[in-house]
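We use all heavy atoms of the structure for the numbers below, so side chains are in, but hydrogens, waters and symmetry mates are not.
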Amino acid sequence: MYLQEVTTPAHQKEFFQVAVRLYKNEKNWIRPLDKDIEDLFHPETNKLYKSGGKAIRWLLLDDQGNTIGRNAAFINPKWKEKIPTGGMGFFECINDQKAAFMLFDVAKDWLEAEGMEAMDGPVNFGERDKWWGLLVDGFSPANYNMHWNFAYYKDLFEAYGFQIYFKQFTYSRNVRGVVVDPKIRERSLKILQNKDFEFRCLKGKELWEKFPEYFMTVYNKAWAGHLGKTISVREAKLMLSKMKPIIDPNLIFFGFYKGDPICFFISIPEINQLFKYVNGKMDLIGKLKFLWHKTFNPPNKMLGLVFGVVPEFQGKGVESAMATDYRDNVAEKKLPYKTIEMNWVGDFNPKMMRVCEQLNASIFKTHHTYRYIFDRSVPFEKHKVM
């Protein structure tokens, strides 16, 4: 076996084809869009390079020259960890420990040479909401931008010495017919009967003109302190424009107090139910297939993207009121979807776990984000609880 750094267009193509061959008999694997992944590895399409980010990819070949694995490693300059930590991701491999360890070793050695003291994996060279964590339970079809992998990967990671840094849960529940906990309804009534509060979907002019400002206001108050990143109105506009082809206005729900935005719950149709038909490519044929299925075979599942309440209203019943109002006036009356899945709820966020449980959602899938500390004598610490 030998390693080959990805340096040519042919190597780039093989980086995707090795996964296609490995998963050819796996009905629950949905091929990601090639462009979504390839763009991460080029300075012109990934702004992390401008901040000092670095990335490298490898293919693993057997003695006959057949590709049997792949891996990538990267340094994200925006990570703030106790010890310098790099990432490894987009790992794929045959069920062979020696082969897997070669791929882990080359990532470790490269990161160590770059001054890193640990590596997290499998993670993304970008935001946490994409390709983050190894699927270890709940091997149903993958949601958009979420890992689906063979069950044996868990054994390979843990045999190498990776330890669980945190777990990520995907919660699931039916959209209609969900019984609201009496305690939640009681808490929500105090808010819903107060005329200073209003909850509504954003539609028409308000959606396209006001969403960026509303979203930025709530996000920066609710999440920036935890994630260490604020967003601008321009970034929120860009996010909205990227979502435009798939937006369902009934899935964009905000809460207001005296006219000011204080919370949101944002979902999208689960578009992997459409992308599974395009074979990783949004060329002309891919776009036509996407539009046909969007029109005549639309998704029956919605995907919860983000939920947030500004700090001054947390724990005061606003979460319950928003959930109750949405259930009564939108979900039960207007939505064609059968189920909702809520991705990326970390075990370090017990408050959000409780919110999901109060909504009668249950854990449907589990991903592990692992950490490997290069100096094996250094004590391992899990992600701190929020």
Reported [atom1]-to-[atom2] distance for the pair [X] and [Y], which is rounded to 0.5 angstrom:
X      : Y      : atom1 : atom2 : answer
Glu158 : Asp155 : CD    : CG    : 7.0 Å
Lys54  : Glu114 : NZ    : CD    : 3.5 Å
Lys237 : Glu209 : NZ    : CD    : 9.5 Å
Leu251 : Leu305 : CG    : CG    : 9.0 Å
Leu303 : Glu341 : CG    : CD    : 7.0 Å

With the side chain counted from C-beta on, respond yes when [X] and [Y] share a heavy-atom pair under 4.5 Å apart, and no when they do not.
X      : Y      : value
Phe211 : Met239 : yes
His367 : Trp132 : no
Arg371 : Gln163 : no

With no hydrogens and no angle check, do the side chains of [X] and [Y] hold a donor and an acceptor under 3.5 Å apart?
X      : Y      : value
Lys289 : Asn279 : no
Thr45  : His42  : no
Glu270 : Tyr337 : no
Asn329 : Lys334 : no
Glu92  : Tyr153 : yes

Results of side-chain contact (heavy atoms from CB on, under 4.5 Å) for [X] - residues two or more places apart only:
X      : value
Lys244 : Trp208
Asn360 : Val178
Pro182 : none
Val378 : Ile373, Asp375

Those residues that, when tested against [X], pass ring-ring contact (aromatic ring centres under 6.0 Å, His included) (two or more places apart):
X      : value
Phe265 : Tyr326
Tyr152 : Phe150
Phe104 : Phe91, Phe157, Tyr160, Phe162
His383 : Tyr165, Phe166, Phe348

Measure centre to centre between the rings of Phe290 and Phe275, then say whether the value is under 6.0 Å. yes
Please write out which residues are connected to Leu288 in a hydrophobic cluster, directly or through intermediates, given that two of Ile, Leu, Val, Met, Phe, Trp, Tyr count as joined at side-chain heavy-atom separations below 4.5 angstrom. Leu284
Connected-component partners of Trp292 among ILVMFWY, side-chain separation under 4.5 Å: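 Traced through the cluster, Trp292 reaches Phe296.
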Name every donor-acceptor pair, under 3.5 Å, that has one atom in a side chain of residues 71-78 and the other anywhere in the protein, sequence neighbours excluded.
residue : atom : partner : partner atom : Å
Asn71   : ND2  : Leu103  : O            : 3.0
Asn76   : OD1  : Lys78   : N            : 2.9

Check for me whether [X] meets the cation-pi criterion with [Y], that is, NZ or CZ under 6.0 Å from the six-membered ring centre and within 45 degrees of the ring axis.
X      : Y      : value
Arg57  : Phe90  : no
Arg376 : Tyr372 : yes
Arg200 : Phe256 : yes

[X] with [Y]: basic N within carboxylate O range, under 4.0 Å:
X      : Y      : value
Arg185 : Asp328 : yes
Arg187 : Glu319 : no
Glu14  : Arg21  : yes
Asp36  : Lys130 : no

Can you label the angle between the Phe254 ring and the Tyr214 ring as parallel, tilted or perpendicular, going by 30° and 60°? tilted
Relative to the ring of His368, is the ring of Tyr370 parallel (under 30°), tilted (30 to 60°) or perpendicular (over 60°)? perpendicular
Suppose the criterion is ring-ring contact (aromatic ring centres under 6.0 Å, His included): which pairs have a residue in residues 169-195, not counting sequence neighbours? none
Take Arg128 and Asp120, measure what salt bridge (Lys or Arg N to Asp or Glu O under 4.0 Å) needs, and give me the verdict at the end. CA-CA 12 Å; Arg128 274 186 175 184; Asp120 288 355; over 6 Å; no
Is Ile30 linked to Met146 within one hydrophobic cluster, defined over Ile, Leu, Val, Met, Phe, Trp and Tyr using a side-chain heavy-atom separation of less than 4.5 Å? no
State which residue, out of Lys167, Lys382, Lys384, fulfils the salt bridge (Lys or Arg N to Asp or Glu O under 4.0 Å) condition with Asp347.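 Answer after filtering Lys167, Lys382, Lys384: Lys382.
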